[in-house]
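See structure below.
All heavy atoms count here, side chains included; hydrogens, waters and symmetry mates do not.
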Amino acid sequence: MKKSILVAITLTMIFFLRTESVRGQTLEDKEQAELAQALPQSEFSGEKASVASERDSMAIATGVESGNGGLNQGSEVIELAQNLGEERVRVETKDDGVPDDTIGEWDPWEPFNEKTFWFNRQVDRFVLKPVAEGYNAALPDPIRGGIANMFDNLDVTRRLVNSILQLKFDGAGRELARFAINSTVGVAGLFDVAGHLFDIAKSDRDTGQTLGVYGIGHGPYLVLPLLPPLTVRDFFGFVADEAMYPLSYFIPTGAVIGMTATETISDRAANIDRYQGVEDTVVDLYGSVRNAYFQRRAADLKK
């Protein structure tokens with residue numbers, strides 16, 4: 001059931017992205033046409049007047065009128081466009097030739113994203129947050145911590161596979177050691193013995209990060225119902241990460257849904273204090289969340 005939902009979301013996203021891509025290309029062509037009309041009248045007007053004046057002066061002096069003024073101006077426009085293109089590539093690329101995800105926050109679907117962001121906020125405000133507060137009130141800290149540790153231990157496949165794909169073999173070794181220790185001495189992952197007693201830190205790797213390491217750009221910003229902020233690249237990474245969750249292949253669908261809901265509530269309960277009052281103090285919450293997301297993902301690629 002969980003895999004069917006993910007497949008349906010993926011197919012819907014592909015259709016949505018193709019539609020938006022066609023519309024975005026049309027808008028881009030229109031903008032380029034408007035820019036082509038504006039350039040001779042604005043940025044190059046002074047230079048054009050100077051060239052024309054110089055050409056007229058030469059014609060008076062020699063008695064011959066030049067007929068290649070249009071070609072000269074065209075070559076200057078082409079040269080400037082090439083320089084601008086080279087400058088953009090230089091700015092958007094790091095010294096090692098890998099695109100830098102910290103440049104720009106591409107959000108062509110902002111109207112759709114803002115509406116979905118508002119919807120997710122209402123779900124969090126009126127459903128998820130009250131349930132998380134009740135969860136905190138009903139369960140003591142040690143039990144909540146144990147549940148969080150158990151879910152983290154079950155997520156080892158995602159971190160291990162992506163550590164290997166990113167050639168982070170030290171991280172892959174730490175993930176294997178953590179899983180072996182916490183699954184045995186830590187009682188099925190309820191206790192983070194590997195972290196507390198052996199100081200073995202986890203390697204938090206995901207498929208979206210792996211795609212970025214191999215040079216795939218983050219793509220447009222995307223906000224979907226009941227999901228965290230994403231980009232197109234991270235959406236497909238999210239689908240792949242969900243497919244790596246081991247228990248979904250061995251337990252009934254109802255149990256998977258229940259565990260997913262419990263994990264979501266556990267994560268929200270752990271972060272209630274962190275987000276307390278943010279909505280009241282931040283003027284542009286949507287823009288702040290988007291900015292923080294791009295900054296965090298750019299930092300993830302540098303780890």
Side-chain angles (χ1 to χ4, degrees), residues 2-3 6 94 96 98-102 139 141-218 227-231 233-251 256 259-260 262-271 273-274 292-303:
K2 188 175 182 181
K3 299 183 189 64
L6 289 174
K94 296 184 292 186
D96 56 4
V98 179
D100 189 352
D101 279 356
T102 62
L139 299 177
D141 289 345
I143 294 180
R144 296 200 309 271
I147 293 174
N149 289 336
M150 180 190 69
F151 284 122
D152 184 76
N153 194 56
L154 289 172
D155 205 21
V156 63
T157 307
R158 167 183 65 86
R159 298 192 298 266
L160 175 61
V161 169
N162 284 291
S163 291
I164 294 174
L165 291 176
Q166 295 178 34
L167 306 181
K168 305 289 186 181
F169 298 116
D170 175 67
R174 284 187 279 116
E175 286 301 321
L176 288 174
R178 282 179 57 83
F179 183 75
I181 296 172
N182 289 343
S183 298
T184 53
V185 183
V187 189
L190 289 173
F191 302 98
D192 186 11
V193 179
H196 293 150
L197 294 184
F198 298 96
D199 198 25
I200 303 176
K202 66 180 179 181
S203 177
D204 197 7
R205 306 284 168 178
D206 59 69
T207 306
Q209 188 184 44
T210 299
L211 294 174
V213 167
Y214 283 94
I216 298 177
H218 52 65
L227 290 180
L230 297 165
T231 58
R233 179 188 70 196
D234 288 344
F235 168 76
F236 288 104
F238 171 80
V239 173
D241 291 338
E242 289 297 308
M244 295 184 202
Y245 195 72
L247 287 186
S248 61
Y249 297 95
F250 303 106
I251 62 177
V256 173
M259 291 187 66
T260 301
T262 304
E263 184 177 10
T264 302
I265 294 170
S266 174
D267 290 341
R268 185 64 179 94
N271 292 300
D273 293 337
R274 181 181 302 177
Y293 178 79
F294 275 96
Q295 298 253 353
R296 179 175 64 82
R297 293 303 285 171
D300 287 343
L301 290 178
K302 297 177 182 179
K303 290 181 180 179

Just verifying a value: how many Å separate [X] [atom1] and [Y] [atom2], rounded to the nearest 0.5 Å?
X	Y	atom1	atom2	answer
Leu154	Asn149	CG	CG	11.0 Å
Leu139	Ile147	CG	CD1	5.5 Å
Arg174	Phe198	CZ	CZ	16.0 Å
Met150	Thr262	CE	OG1	8.0 Å
Thr264	Phe151	OG1	CZ	8.5 Å
Asp234	Arg297	CG	CZ	4.0 Å

Quick one: does any side-chain atom of [X] pair with a main-chain N or O of [Y] as donor and acceptor, under 3.5 Å?
X	Y	result
Ser183	Ala180	no
Ser203	Gly171	no
Arg158	Met244	no

>> The test is side-chain contact (heavy atoms from CB on, under 4.5 Å); show your working for Arg205 and Lys168 and say whether it passes.
In response: CA-CA 10 Å; Arg205 306 284 168 178; Lys168 305 289 186 181; 4.1 Å; yes
>> Determine whether Met259 and Tyr245 satisfy the following criterion, side-chain contact (heavy atoms from CB on, under 4.5 Å), listing intermediate values before the conclusion.
In response: CA-CA 11 Å; Met259 291 187 66; Tyr245 195 72; 3.8 Å; yes
>> The test is side-chain contact (heavy atoms from CB on, under 4.5 Å); show your working for Val193 and Asn182 and say whether it passes.
In response: CA-CA 6 Å; Val193 179; Asn182 289 343; 3.9 Å; yes
>> Pair Val256, Leu247 - check side-chain contact (heavy atoms from CB on, under 4.5 Å), show working.
In response: CA-CA 7 Å; Val256 173; Leu247 287 186; 5.7 Å; no
> What residue among Asp192, Asp152, Asp155 forms salt bridge (charged side-chain N to carboxylate O under 4.0 Å, His left out) with Lys202?
Replying inline: Asp152
> Is there side-chain contact between Phe179 and Leu160, with heavy atoms separated by less than 4.5 Å?
Replying inline: no
>> Between Phe294 and Thr231, is there a side-chain heavy-atom distance shorter than 4.5 Å?
In response: yes
Under 3.5 Å, which donor-acceptor pairs do the side chains of residues 207-214 form with other protein atoms, sequence neighbours left out?
from	atom 1	to	atom 2	distance (Å)
Thr207	OG1	Asn162	ND2	3.4
Thr207	OG1	Asp241	OD1	2.5
Gln209	OE1	Gln166	NE2	3.3
Gln209	NE2	Asp300	O	2.7
Thr210	OG1	Asn162	OD1	2.7
Thr210	OG1	Gln166	NE2	2.9
Thr210	OG1	Asp206	O	3.2
Tyr214	OH	Leu165	O	2.5

> What residues form a salt bridge (charged side-chain N to carboxylate O under 4.0 Å, His left out) with Asp267, not counting sequence neighbours?
Replying inline: none
> Any idea which heavy atoms bring Arg178 and Ile200 closest together, and the distance?
Replying inline: NH1-O, 2.8 Å
